[in-house]
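Report on one structure; see the data block that follows.
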Amino acid sequence: MRRLPPTLLLLLASSAALAAPPKTAGPAPSPLAAAEERLHAEDPEGALALLAPHLRKQPDDAQALLLRGSARCMNGETAACRADLERAVALDPGMRQGWLNLGALAVAEKRWPDALAAFGRAEQLAPGLAENDLNAGAVHLMEGDLAAASRRFESFLAREPRSADAFYRVAANYALAGYAALAARALEHAIALDERSRVRARLDPNFEPMLDQPPFPALFAQDRRTLPPDHVVARREYGRAYDGPEGKLLGAVLDAVQLSGRPFDPRVDATPDWAVLWSEFRIRVGTNAAGRGEVELSAPATAFPPAEWQRRTEAFFQTVARQLALGER
């Protein structure tokens, strides 16, 4: 039995009407809320077991049918999934999530007109949402109508002009469809708004087939970040030059990040010439003009009082030096 792809499950397993309840002491959640928790935990069998007795008593509960349909889609039971979803929206035509799930199912089955029709109904129910343009644009792109897709993507970005995630999502759609130049242009905007978009794309299978195609190598090789004037910076030079993503200098920096006990982003944006990672500081590792390894820490000036900034950066630099020494032994 073929399960639907994870990107589709993100939509199918969600529900606008029932958010997963917080973990607090008190009465047990309702069967529907408990079933949705199982969906969020990627346990469709558990959700189906919870929904079965409820639907025996209330076979026309549209929300329960939506959840059961989502569980069946996650299990790859697409015919049964479609039947549940169609029944749910027939009972409650205003259930936007049902139309979204039907649209997602149609996308998975490459039924492009059905997908556009379902997403169109969802758009009628909430015409002001930017995601309407993204959904329709993605379907137009997959059915081969680049002009219609681009119009919807442009409308989506006009609503979200300062959102790195918006540009990234458009870039990922173009990449998935094989439009390297358009994907790179949108991704460049995303990186300018949030440099973490670069490592996000580096790890994204949607971009993998085109990483060696121009202009992607240049886009991924350059750290174009200019630190804002309201940031503070501390640098420390080390005897060992930066020696690549698997080298000892970056390894010592990663050790220092973990030993600090502070939250950090596990993604590392590493190239043969430099690496960037993020914890309580932005951390850049590279080789300076003198040929020596250099670690640069930066953060908004408001993030730390001056004395605390001095204390934390010095402690970090010392830990890097200690881990380098241990590595040499």
Side-chain angles (χ1 to χ4, degrees), residues 1-92 94-111 114-115 118-119 121-122 125-126 129 131 134-135 138-139 165 168-169 172-173 176 200 203-206 208 263 265-267:
M1 180 163 35
R2 185 180 67 86
R3 284 182 167 234
L4 295 182
T7 50
L8 184 58
L9 297 186
L10 292 175
L11 178 57
L12 293 173
S14 68
S15 168
L18 278 177
K23 303 290 186 181
T24 57
S30 72
L32 300 192
E36 187 171 31
E37 283 191 324
R38 299 321 312 152
L39 288 178
H40 283 292
E42 296 189 20
D43 177 16
E45 296 297 341
L48 290 170
L50 289 164
L51 290 165
H54 178 82
L55 280 165
R56 279 196 295 270
K57 295 175 184 177
Q58 301 182 50
D60 291 336
D61 185 329
Q63 185 64 43
L65 288 166
L66 169 67
L67 293 171
R68 188 175 71 179
S70 297
R72 285 173 164 175
C73 272
M74 292 176 74
N75 269 345
E77 303 170 39
T78 52
C81 165
R82 188 183 312 115
D84 275 345
L85 296 178
E86 288 176 348
R87 177 67 176 152
V89 296
L91 289 164
D92 182 2
M95 179 185 287
R96 184 171 183 271
Q97 190 65 47
W99 293 111
L100 288 174
N101 287 6
L102 277 170
L105 178 58
V107 167
E109 296 178 333
K110 300 183 179 180
R111 294 183 286 109
D114 290 343
F119 287 141
R121 290 296 297 271
L125 293 168
L129 295 183
E131 71 177 53
L134 185 67
N135 290 337
V139 178
D165 183 65
Y168 184 91
R169 293 166 76 182
N173 273 286
L176 184 61
R200 182 180 175 185
L203 301 173
D204 188 337
N206 287 333
E208 187 174 359
D265 188 330
R267 300 171 299 177

Steps toward side-chain contact (heavy atoms from CB on, under 4.5 Å) verdict (D92, L66): CA-CA 10 Å; D92 182 2; L66 169 67; over 6 Å; no
Tell me, with the steps shown, if N101 and C73 meet side-chain contact (heavy atoms from CB on, under 4.5 Å). CA-CA 9 Å; N101 287 6; C73 272; over 6 Å; no
Considering residues at least two apart in sequence or located in another chain, which fulfil the side chain to side chain donor-acceptor pair (under 3.5 Å) criterion with D84? R68, R72
So R121 and V89, side-chain contact (heavy atoms from CB on, under 4.5 Å) or not? Walk me through it. CA-CA 10 Å; R121 290 296 297 271; V89 296; over 6 Å; no
Report the residues that fulfil salt bridge (Lys or Arg N to Asp or Glu O under 4.0 Å) with D114, sequence neighbours left out, ordered by chain and then residue number. R111
Non-hydrogen atoms of C81 and L105 that approach each other most closely: SG-CD2, 3.9 Å
Say you draw a straight line from NE2 of H40 to OG of S70; how long is it, rounded to the nearest 0.5 Å? 9.5 Å
Quick one, D204 with R200, criterion side-chain contact (heavy atoms from CB on, under 4.5 Å). Give me CA distance, side-chain angles, the key distance, then yes/no. CA-CA 6 Å; D204 188 337; R200 182 180 175 185; 5.6 Å; no
Straight-line distance of H54 NE2 to L32 CG, nearest 0.5 Å: 4.5 Å
How about L48 and N75: do any of their side-chain heavy atoms sit closer than 4.5 Å? yes
Taking C-beta and beyond as the side chain, do N206 and N173 meet within less than 4.5 Å on heavy atoms? no
What closest approach, in Å, do D60 and L91 show between heavy atoms, and which atom pair accounts for it? O-CD1, 3.4 Å
Least distance between heavy atoms, P59 atom then L65 atom: O-CD1, 3.8 Å
Can you name the closest pair of heavy atoms from A115 and G103 and give their distance? CB-O, 3.8 Å
Taking all atoms of both residues into account, what is the closest heavy-atom pair of A47 and A35, and its distance? CB-O, 3.5 Å
Between A104 and F119 the two heavy atoms that sit nearest each other are N-CZ, 3.7 Å
Are the side chains of M95 and Q63 in contact, using a 4.5 Å heavy-atom criterion? yes
Inter-residue atom distance D61.CG - R87.CZ, 0.5 Å rounding: 11.0 Å
